[in-house]
Amino acid sequence: MRQGSLCLCYPLGRPYGVQSHPEKVMSGIRVRIAPSPTGFFHIGNAKTAIINWLFARKEGGAFILRLEDTDTERSRAEYGEVILEALHWLGIDWDEGPGIGSEPERGAYGPYRQSERRHLHLAAAERLVAEGKAYRCFCTPEELEVMRRDVREGRRSGPLRTQWRDASPEEIAAMGDRPCAIRFKTPDGETVIDDMVQGEVRTDNREFDDFVIVKPNGDPVFHLAVVVDDGLMRITHVLRGDDHLTNAFRHAMLFDALGFDRPRFGHLPMVLDEHGKKYSKRLHGANLLDWREDGYLPQTMVNYLALLGWTPEEENRELFTPEQLIEAFTVRRLGASAAKFDRKKLDWMNGQHIRMLAPETLRDLLTPILARAGFDCSDRSPEWLTRLATICQEKLPTLNAIVGLADFFFREPDAYEEKAVGKHWSKPNAVERLEAITMLLETTEPFTSEALHEAFKARAEAEGVGLGQFVHPTRLALTGRSVGPGLFELAELLGREKCLERVQRAIAFVKEMGGTS
RNA sequence: GGCCCGUUCAUCUAGUGGUUAGGAUGCAGGAUUCUCAGUCCUGUCACAGGGGUUCGACUCCCCUACGGGCUGCCA
């Protein structure tokens, strides 16, 4: 019998295998995420992963990754890699999990791919049958359909209990090896769950059918597989989406029947899209990595998603690095109501996180984005690029916004913003002013933002006008726009020669404009 | 249909019987004698509805409405 191997093979308490974070894993708390590799890592999976990870790291527990790849229809090997990539990007590390590519599997409770645990699931089912807690059911799909219709149409009430529930061994034997499902024999009574998020929830077991745990084709069903896996992996806390709340009753019954200690459950509200609907897989942003694509920082996503359903003990604070989140995390502050994803707030938060970056880090993130937009940075010095990052840092809601903010460093302005032209270049003295600006740009030594600032200020004072009278026309000439990084910083970075060229072009433009109007 | 969960400003939320219902994002206005998509300041905006319980309900109970989930030989 494999019974012994089922629930008694691991010593209670600490695992004996190699941990990747032995120093962090010491509380006995073991949590997991169990995503299905079905294409991409959903934003909701990300939230669940983050909460579990924060909990494990805060409590000194183990964070486990298990791939639920049993749906052979939809699962593909390479999709597993996608999940890992998403987790890596977020900066979420795990202590036990499947090996991907050449990487070996790690952890003492493997395998960590559900498809490789089939024998464990089936053994558990057999044990339940042997103990009279589950039964073979030879009903045909047609028979089941009739029973369901009868319930629906009121000819029959109560949960599904098939005729095979109490069949004698002889009757079963008489069926030979005809295909049959294994159904769980739902016990009488009531199941109560003390949910970490939802509080106490209870249901009469009569609400539950004798659900299938092994399909006639021999495949274990999800409910059985999760319970067996969570049980054998000694998972202590199951934090997952609240779409599983009702399933938790089934799982609790199964944990009990198999003789496992039940984990604490915590059902987290789901992430809704901006319209309050379930976040459809087809929607842009449903894939966590869409956000990387759009120029969001992983630490922003961790911060934002963590706060979508959790609030810190310390009120009125919402900017956190991942490390700070770990430090601040407490289960009792998990909320129970669903939250809409707010892109605007995410933008703000991303801007805040971008500001926290070291200039060199920001530079390294920005350079490939500029390159992808067709702005070759290979001939710019690292110092120059760092400076670029610095002067743009506080203006960027997303990394990608650099393209629209700094394009003029890489190409001549091909048009001037119309409104700004009207405002700054249409006065009679426009050309005169641009010529004065030319002079300033030619003579200022050294050509630095500080010196330029001084020179411009002195000139404006001498003429008795505001600095803006000089700054705005210059900005328009140099960048083609009315908004952007600080003018003197930008001018320094652009270099004297380029600045002069562009002001000359502006003068020509203004003269032309005057001539034709 | 049955069962389960949820419902405080537009959005994320704080609030566990007595609060001017607080913060953040957004939005609006002002400021910033260099722009704003940045920064600072000010303002705007909420307890889903109805019954109870109570001296007193956002807070407790019931009902209704709305949203979500489960009800599969999907996970």
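Order of the sequence lines sets the chain letters (A, B, ...), proteins ahead of strands, with each chain counted from 1.
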- [ ] Grab the CD-C1' distance between Q393(A) and C36(B) for me, whole Å please.
- [x] 17 Å

TODO: Using only side-chain N and O atoms of R333(A), determine if any of them is under 4.0 Å from OP1 or OP2 of U16(B).
DONE: no

- [ ] Specify the residue among Q469(A) and K344(A) whose closest nucleotide of RNA chain B lies further upstream toward the 5′ end.
- [x] K344(A)

Open item on the list: On RNA chain B, does the nearest nucleotide to K423(A) precede the nearest nucleotide to F249(A) from the 5' side, or the other way round? Give the residue.
Closed with: F249(A)

Open item on the list: With a 4.0 Å limit, can you tell me whether R475(A) has a side-chain N or O closer than that to the phosphate oxygens OP1/OP2 of C36(B)?
Closed with: no

Task: Any K340(A) side-chain nitrogen or oxygen under 4.0 Å from OP1 or OP2 of U11(B) - done: yes

Open item on the list: At 4.0 Å (heavy atoms only), tell me whether R206(A) reaches a base, stays on the sugar-phosphate, or touches nothing.
Closed with: nothing

TODO: Verify ring-ring contact (aromatic ring centres under 6.0 Å, His included) between F138(A) and W164(A), making sure each step is shown before the conclusion.
DONE: CA-CA 7 Å; F138(A) 294 88; W164(A) 299 96; 5.0 Å; yes

TODO: Indicate, with a heavy-atom threshold strictly under 4.0 Å, whether Y304(A) touches base, sugar-phosphate, or nothing.
DONE: nothing

Task: Distance-only donor-acceptor test (3.5 Å): side chain K457(A), base U33(B) - done: no

Open item on the list: Check this for me, if you would: do R66(A) and D230(A) make a salt bridge, where the nitrogen-to-carboxylate-oxygen distance has to be below 4.0 angstrom?
Closed with: yes

Open item on the list: Does a side-chain N or O of R148(A) approach OP1 or OP2 of C73(B) to a distance below 4.0 Å, or not?
Closed with: yes

- [ ] For H244(A) and N247(A), test the side chains for any donor-to-acceptor distance below 3.5 angstrom and give the result as yes or no.
- [x] yes

TODO: Between C61(B) and G68(B), how far apart are the C1' atoms? Round to whole Å, please.
DONE: 24 Å

Task: Ionic contact status for D256(A) with K133(A), cut-off 4.0 Å - done: no

- [ ] Name the closest nucleotide to the V483(A) side chain, picking from A75(B), U35(B), G72(B).
- [x] U35(B)

